[in-house]
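First up is the structure itself, then whatever we jot down about it.
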2 protein chains.
Amino acid sequence: MNTVQGTREYLLKYDIKPSMQRIAIMDYLMEHRVHPTADEIYNALYPTMPTLSKTTIYNTMKLFSEQGAVKALVIDEKNVRFDIDTSSHAHFMCLGCGCVYDLPIENQEAMQLEGVGELMITEIHLYYKGYCKKCAEENRKNILL
Amino acid sequence: MNTVQGTREYLLKYDIKPSMQRIAIMDYLMEHRVHPTADEIYNALYPTMPTLSKTTIYNTMKLFSEQGAVKALVIDEKNVRFDIDTSSHAHFMCLGCGCVYDLPIENQEAMQLEGVGELMITEIHLYYKGYCKKCAEENRKNILL
DNA sequence: CTTTGTGCAAATTCTTTGCACCAAA
DNA sequence: TTTGGTGCAAAGAATTTGCACAAAG
């Protein structure tokens with residue numbers, strides 16, 4: 001089956017009416033699992049959809065989040081990122097190039113909190129910051145110069 | 001010893017020249033461990049320091065972060081928060097009232113990543129979102145109405 | 001003096017809102 | 001024909017920048 005067909009079904013599963021724009025956006029998220037920002041999604045889709053507006057990206061991401069089809073990622077202080085992988089996993093953000101990777105969580109159960117009966121936990125976020133291999137090497141070079 | 005005196009020494013420890021503004025801001029952070037935003041710091045200090053500007057808050061927080069005297073907290077998608085507790089601990093943010101609490105980490109060593117030799121990790125952030133006791137109760141009420 | 005800190009005003013950037021138009025049921 | 005989706009233009013909010021003045025050594 002082609003991607004768009006799978007995307008349509010995925011949207012329906014979350015009670016989201018599959019419009020052209022919504023399919024294109026979700027399709028992009030499914031194929032580019034780099035936790036893009038609204039701006040990155042817009043820039044990627046604009047060439048083939050020149051009538052697309054950023055408002056639609058924001059509207060759509062809000063809808064997707066509310067329906068549980070994507071998760072908003074607050075890591076970067078500049079912009080919110082979006083993740084279609086709604087399963088529990090960690091993230092790594094490179095302070096050099098700004099890219100955000102997925103990381104498997106080793107001890108997932110260790111993250112369960114104890115003694116917080118008072119709190120109603122709905123989301124767990126674990127992320128690491130640092131430098132990816134490439135940026136770490138470039139940093140080293142710059143220091144040597 | 002009074003707080004301001006301790007604050008001055010704390011700043012010097014991080015190679016930060018203790019100006020009036022910097023002392024006032026650091027002093028506030030030390031006494032109000034609620035991870036305030038720049039705006040909250042400004043509003044708290046403005047009454048007693050009417051010449052204070054938000055630019056100074058931002059300049060100062062940037063300096064403090066660079067010198068390692070505070071940690072920037074990216075949890076809230078609206079604004080960055082600041083934490084003087086630079087030790088490794090988790091945070092909880094209430095989606096109702098927006099408050100951010102500290103949480104002790106149960107299995108701190110469990111957060112160490114394995115198999116990421118390629119990555120240079122400099123920061124670990126763990127946070128939970130949900131509803132605090134008060135907001136959870138109010139939510140329940142609203143649903144019943 | 002010379003360096004460093006402060007703060008106003010303006011600029012920038014990300015995101016949201018109001019509103020009109022368009023498309024689908 | 002009514003509802004919901006799209007997108008322009010403007011508003012809003014958080015943060016940064018340029019610059020001039022003040023303070024400290």
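No hydrogens, no waters, no symmetry mates; every other heavy atom, side chains included, goes into these values. In what follows, chains carry the letters A, B, and so on, assigned in the order in which the sequence lines appear, proteins first and then strands, with residues in each chain numbered from 1.
When rounded to the nearest whole Å, the span between CG of Asp39(A) and P of dT12(C) equals 16 Å. Note: CZ (Phe64(B)) to P (dG5(C)) measures 11 Å, nearest angstrom. Atom-to-atom, CD1 of Ile16(B) to C1' of dT4(C) comes out at 14 Å; the value is rounded to the nearest Å. When the C1' atom of dA13(D) is taken as reference, atom CG of Asn43(B) falls 14 Å away, rounded to whole Å. Going from atom CE of Met61(A) over to atom P of dT15(C) covers 11 Å, rounded to whole Å. At whole-Å resolution of the value, CG in Leu11(B) and P in dG5(C) are 12 Å apart. As rounded to whole Å, 10 Å separates atom C1' of dT17(C) from atom CG of Asn59(A). Rounded to whole angstrom, the span from the NZ atom of Lys17(A) across to the C1' atom of dT2(D) amounts to 11 Å.
Using bins of under 30°, 30° to 60° and over 60° for the plane-to-plane angle, the ring pair Tyr28(B)/His32(B) lands in the parallel bin.
Atom NE2 of His125(B) and atom CE of Met93(A) lie 9.5 Å apart (nearest 0.5 Å).
Distance from the side chain of Lys78(A) is smallest for dT15(D) among the nucleotides dT15(D), dT15(C), dT17(C). Of the candidate nucleotides dT15(C), dG7(C), dT17(C), dT15(C) has the atom nearest to the side chain of Asn79(A).
Looking at heavy-atom distances under 4.0 Å, Lys54(A) makes no contact with the nucleic acid at all. Counting non-hydrogen atoms under 4.0 angstrom, Thr37(A) reaches nothing in the nucleic acid. Residue contacts shown for Glu77(B) are absent, as no nucleic acid heavy atom lies under 4.0 Å away. Residue Thr55(B) is classed as a base contact, given a heavy-atom separation below 4.0 Å to a base.
Between Gln21(B) and Ala38(A), the one whose closest nucleotide on DNA chain C sits nearer the 5' end is Gln21(B).
Using a 4.0 Å cut-off, no side-chain N or O of Ser53(B) falls inside it from OP1 or OP2 of dT6(C). The side chain of Ser19(A) contributes an N or O atom lying less than 4.0 Å from OP1 or OP2 of dT6(D). The shortest distance between the side-chain N/O atoms of Thr51(B) and the OP1/OP2 oxygens of dG7(C) is below 4.0 Å. Between Tyr58(A) and the phosphate of dT16(C), there is no side-chain N or O to OP1/OP2 separation shorter than 4.0 Å.
Judged purely by distance below 3.5 Å, without hydrogens or angles, the side chains of Asp85(A) and Ser87(A) pair a donor atom with an acceptor atom.
Proximity of Cys99(B) to Phe92(B): side-chain heavy atoms (C-beta onward) are nowhere separated by under 4.5 Å. Taking 4.5 Å as the limit, some side-chain heavy atom of Asp76(A) sits within range of a side-chain heavy atom of Arg81(A).
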